[in-house]
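Each remark here refers to the structure printed beneath this line.
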Amino acid sequence: MRTVIIGNGVSGNKAAETIRRQKPDWEVVMISREALPAYSACALPDCLAGWVSRDDLFIKSFSDYRELSIRTEFGKEVRLIDTASCEVVLEDRKIEYDRLILASGSRALIPPLTGVMLEGNFILKSVFDLERIMAHRPKQVVIVGSGNIGVEAAEALELRGCEVTIIEMLDRVMPKVFDEKPSAIIRRLLEENGVRVLTGEKVMEVRGSGKVEGIITDAREIPCDTVIWAVGVRQNVETAREAGIDIGSLGGIKVNSRMETNIEGIYACGDCIESFSLVTRRPELSLLWPSAKRQGEIAGLNCSGKPAEYEGSFTLVVEEICGKNCVSMGSTGGMQNDIQLQVIENEDKDCYFRLLLDNGRIAGFQGIGHNEGLGAIMALIKTKTQLSEVKRVLETRELLTMVPWFAGAARYLMGGGDSYEF
Amino acid sequence: MDKRIVIDPGKCDGCGICELVCAAGRSGTWHPALSRIKVKKDPIWSLNLPVVCSHCEDAPCGSACLMNIIDKDYSTGLTLRVLSRCIGCRACQVSCPFDACTYDYRSEKVVNCDLCEGRAPECVSCCPTGALRYERAEYFGEEKLKAAARAAIIEEAEPVPDKDTPGLKRSGGVK
Amino acid sequence: MNSKVLFVDYHKCVGCGTCEMICSLVHENACGRSLSRIRVVREDKMGYSVPITCSFCEKPVCLNACPVGAVLRNKETGVITVQKEKCIGCRQCVQACPFGHMSFNFEERHSFKCDLCEGEPQCVQFCWKEAIEYIPLEEALERKRRTQAVKMIEE
Amino acid sequence: MELYGYGGSILEIDLTGNKVKKRVLTPEFARSGIGGIGFNAKILYEELPKGADPLGEENILVFGVGALVGTPYPTASRTEASAKSPLTGQFGTSNSGAFFGLQLKAAGYDALVIKGKAQKPVYVLIDDDSIAVREAGDLWGKDAWETIDLLRARHQGVEVALIGPAGERLVRFASIENNYFDGWGRTGLGAVMGSKLLKAVAVRGSKTIKPFDPRIFIEKIKEGRALIQSASSYTAFCQYGTLNATIPYGNFKATSAHNFTKGTLPDWDKTAGKQVVDEYSDRHVACQSCIIACGHWTEIKEGKYKGVKVKDLEITPVMSYAATVGLDTEPTIKATELCQRYGVDLVSSGGVIGFAMELCQQGLLTREDVGYDLEFGNDDAAFKLLEDIVYRRGLGDILAEGVKRAAERLGKGRESAIHVKGLELPFIDPRGRWSTWTLGMLTNIRGGDFLRCRNPVENLRYNENKYDFKKERFGFKKPMYDALDMPDDLKKKAIDLEEDTVDIAVMSRWAEDLINLFNAIGICIRPPVLEKVGPTALAGAYTALTGLKMTPEELMKSAEKTWNLMKLFNLREGENTSEIRFPERYYKVPLCEKVVDEEKVGRVLEEYYKARGWDPVTTIPGKEKLRELGIEEI
């Protein structure tokens, strides 16, 4: 039995490991564009900041693959997938498969504007990009887009002594995961730390001759020598599409909760797929490390004949921005399933949190400067526990001694704020 | 066979000795914030709730870890981490429902209880109230079972403490 | 609400522990207390043995204690079950259950509890002393009332 | 290959130097011994050096867990303990139920072998794979119950096999107590444990027993239950347990009343009749997996012995104290508690006290010798003496050696010493009733005891000795005959339906092997089980459980092999034919005009030896028999 895995990201590796544990005798082949062992893309900004050494990025070494007796075809591009003859076609050769797992991930997007090809335009998605940025020795940096990567990169480069500007098209930073209020706080944090933040501005073009000299938005022109594009990603689904695998409306590969595509024997997981939200049950592109890992596991299990269901993606973003822990989990925004969410807010000197309630259940949480008890909140969101239920426990001594971990959530739910000195 | 720390919050009086010995023993300072076991305080019920890693079999912290450094050690059944590569992103801390991860502000890494590297945990041996016990996880329930049984046969009155059982005294007794 | 309950009369129980062995045998294909969903507690010096099983609480703490929602309660029957595949094995439910009923399977690494054998509990089938019965809640209450009444009369 | 249904290993603890060894249980070993007594016999026969001192370092104490123990098979709870007996100097063995075996097997061990001798008092703690030999200085000297309480407080939920003060002081008939209320009573194994300075073995197990074929095994269990519950004696036994027999034996004048001088006592049915159960007990206590629960929870509500709570009112204590010593009911119940706390064998201690009392009665012992008046029926005196024996004070020190040695030491009262091979005889007086049981007292490997030879179809309604000791009345109808699980040819030989008789010699051999099988497979020999469950049912269950194919014949063969091994053991230890005889009293002194005819019994014995394939004169197992059983002599 031979399983071929396309992609060497976290989901691909998790899938491989899972299959290995389930079926020690199966043959596992991993194909990857990059000629590097698996590394954590999430830590790239930390590496940029100099907190993490390049070597520490790697979560596997080549020898690890050997130990797991996984055949590696790294540094190879997949030309096409022949689902009829069950073959994966590379530049130089064909590999037959009995099972195929697509974990081709996603790539950073660069809008088609003038000047984006000039030297000094970067993305931050791979170790390769990282090395290029380092080599470029940036001074004045403009970061387009204020997602996790954007914000982290901004802080990192700021630390490296660069002059950093963030340009966000929407009206607030990290718009996907934080609502206005917390977003404003984060913006303040960034600005206090010397990062210039421009929201509601649209980049028109990159100016420069030979190399980047400035960037022009609909409002102004900003001189700079480096532009980092962090405006989002696009799923790598082209080969899949050509192979006749269904692609969802959001642009990711369509899979069921067992990570099966429309073609039998072919599974997909990770950034390249369209999963669904644990909270809202709606299709979404979860581009988060934990989701990818879990999807990889599910794919691996089902692929090796052990039925397993994906419980849904859960948005969990933990960013340490300028020494403050910024956390967002579950659904954001005012709306969910077209129901107005009830909002509980609490702000005191340097801490803030915001709870989103969907008819008596916690649907989402955003907090800044809070570290404790968030796991409890997360568990409550995931288990969709009625708030009344939680209160009942918290308000009964005996119950609380039996379910002590509920206490973690108390400071947020009982409006207690600091009275809970956890 | 694996032994675990069993917590009886009802017995804890919040003295915090466990935190101190843990911090001192495992982090070399007396700062309770560095303790891997934490005593949460509930003001409403003046309850003290000790919290420590329960070494889940399929640990949420592990699935959240961005560096894949948290894994199960199947020989000991413990959930351990490769600290050297921890980037201190706190994802694990935030994902642990029990809040059992501790952020070591000095090394900027997140640590969890490893039962004093598998030796008998200090916190347990120092606990003055017996709120912490270190026993084989198979026998977690035993005491509660016994209590439940006792409760059921309450009308048969409390079990006769041995010294009061008549008999040997009368016929000489065992010296 | 046709909830039937396991009605234990420990006065009848002789502590043979057959229920324990059968339970583990039918559920796990292995004989042993450690995998039994019913446990007989023996108060040797009082001459009593008390079979203890899930009381199927109306507001189960084990359910609250589970951070991943692996413990489920069936609204109609009131039966509480653990979903193996969801269970992350944190053993919180084991510590939570006030009756020590929740137990942990160390081979397969998940919690387990009485599931009433899909409606025909084997412990009941095999209890030759009829110390464990599977009867409607109402009947159980009725019996308790009667025994209580008898006691009062005797006094 | 994986071995199903067993714990998987044999635990060997050498107390000299605390060496712990875990031997893997091979399928071959399992097959040849089945379990329980089978393992014990094999191990002792192969590993115990000839002529070893029973109370010395070389003696080996083995606990063998029955093969079916740890499963829901009805009454599967029995564990056999064996060693060279300090009383008989030959194969000493005793069987007990309760939960010790279950825990030992759940910890993963099918047998526990204890060798050597500790420097100072110790106890062994077995917690699954971790074995610890701990100091027991603080436990030494405590009575059994106190010790258990202390151990239980220290180690949650352990089952304990331990000795009381008697064992510590090497009283030759000391017992190993099995938790509070059970014990390995006979042949003085407690003294062996004491001689090793081993106070207790505490076991806790959390593992499980995996049947080879669970589905079939459950069917076999149901089958076994049905069989037992269909037994004629089942209901009676569930209610009154062994006490059903007291009144019949009283009527037969076959009890050990006043040290076998009276046959029965006035108001016997009042003191020992089954109705005392209704009087003192309101509930039953069972061993693991039992569906009879013959144990009665007994409480004395007021009077001198107010507050005594024991699992009692079984025939053994009742006979040995109410009959042999002549105590009243409540003192008898008290006596049980005392024996259990001191850790002495109920039968032997009763016998010894009865012996002393008779000597006093005859004036062979005086108040001076004893220190107080000693007469039958006096409970205070009896208990005082019991205590003296246990603590080896004064006369007690001599009596603690058992009646045989005591009579020799005192140089008097040899006639009153009722024993075979030095083991005090239990209650059935062969003069009062001659049956397969009573022949069993002679043929029993362990000496003066019948429990290894009980006719599965014994009929307590009849007591006719018109058959020259050759036979006993069958007294049941054909259905019972047909239901009896026994090879037809043998059945024909053993039971004569026309004449309605049972051939004692033939039946003895079958009964011995059958009971040996029971003790190996770990089920109980209570009449309902013995009557209905036979090799066929057991073979099915055993095969389903272990996956080792075993036919009924093979099972019986292995049981017979075990019996022969024990016989060879005895012969090696110098057993001689002259020992195999009843005390003089049975032959000479008439009881209700009846004596045992030595010559006729001799002939029955010869028949029995022939049936066994042993030499009728030397009783040595014949070469071809040994070859047939695959035993090579050592």
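Letters go in sequence order (proteins before strands), and every chain restarts at 1. Below, all heavy atoms of this structure are taken into account, side chains as well, without hydrogens, waters or symmetry copies.
Considering only heavy-atom pairs separated by less than 4.5 Å from chain A, the leading option among B:Arg85, B:Gln93, B:Glu108 is B:Arg85. The candidate from A:Asp56, A:Leu374, A:Asp55, A:Ile59 with the greatest count of non-hydrogen atom pairs under 4.5 Å with chain B is A:Ile59. Per-residue counts of heavy-atom pairs under 4.5 Å with chain B were compared for A:Leu380, A:Leu57, A:Thr401; the largest is that of A:Thr401. Your options are B:Cys96, B:Cys101, B:Cys92, B:Ala100, and the one with the most heavy-atom pairs under 4.5 Å with chain A is B:Cys96. Put simply, of A:Ala379, A:Cys42, A:Ser53, A:Ser291, the one with the most heavy-atom pairs under 4.5 Å next to chain B is A:Cys42. Highest contact tally toward chain B, considering only A:Met329, A:Glu395, A:Lys293, is held by A:Lys293 [criterion: heavy-atom pairs under 4.5 Å].
Taking the ring centre of A:Phe314 as origin, the terminal cationic atom of A:Lys382 falls inside the region bounded by 6.0 Å and 45° from the ring axis. In this structure, B:Arg90 forms a cation-pi arrangement with B:Tyr103, its terminal cationic atom sitting closer than 6.0 Å to the ring centre and no more than 45° off the ring axis.
One side chain, B:Asp73 or B:Ser75, offers a donor N or O that lies under 3.5 Å from an acceptor on the other. Counted by atom type alone, A:Asn8 and A:Tyr65 present one or more donor-acceptor pairs between their side chains at under 3.5 Å. Using modelled atom types and a 3.5 Å distance limit, the side chains of A:Ser313 and A:Ser277 yield no donor-acceptor pair. Inspection of the B:Asn48 and B:Lys40 side chains reveals no N or O donor paired with an N or O acceptor under 3.5 Å. Counting only N and O atoms by type, the side chains of A:Ser61 and A:Ser63 include a donor and acceptor under 3.5 Å apart.
Between A:Lys60 and A:Glu17, at least one side-chain nitrogen of the basic residue sits less than 4.0 Å from a carboxylate oxygen of the acidic one, meeting the salt-bridge criterion.
At a 4.5 Å heavy-atom cutoff, the contact between B:Val94 and chain A is made by backbone and side-chain atoms alike. Proximity to chain A is limited to the backbone of B:Ser63, based on heavy atoms less than 4.5 angstrom apart. Heavy atoms of A:Met402 lying under 4.5 Å from chain B are absent altogether. At a 4.5 Å heavy-atom cutoff, the contact between A:Leu316 and chain B is made by side-chain atoms alone. Residue A:Val10 touches chain B through its side chain alone, counting heavy-atom pairs closer than 4.5 Å.
Sparse packing is recorded around CZ of A:Arg21, with 12 or fewer heavy atoms of other residues, nucleotides or ligands lying under 6.0 Å away. In A:Lys384, the NZ atom is crowded: over 12 heavy atoms of neighbouring residues, nucleotides or ligands sit closer than 6.0 Å.
Of all residues spanning residues 5-20 of chain B, those with a heavy atom less than 4.5 Å away from chain A's heavy atoms are B:Pro9, B:Gly10, arranged by number.
Not counting sequence neighbours, A:Ser388 has no partner by the side chain to side chain donor-acceptor pair (under 3.5 Å) test.
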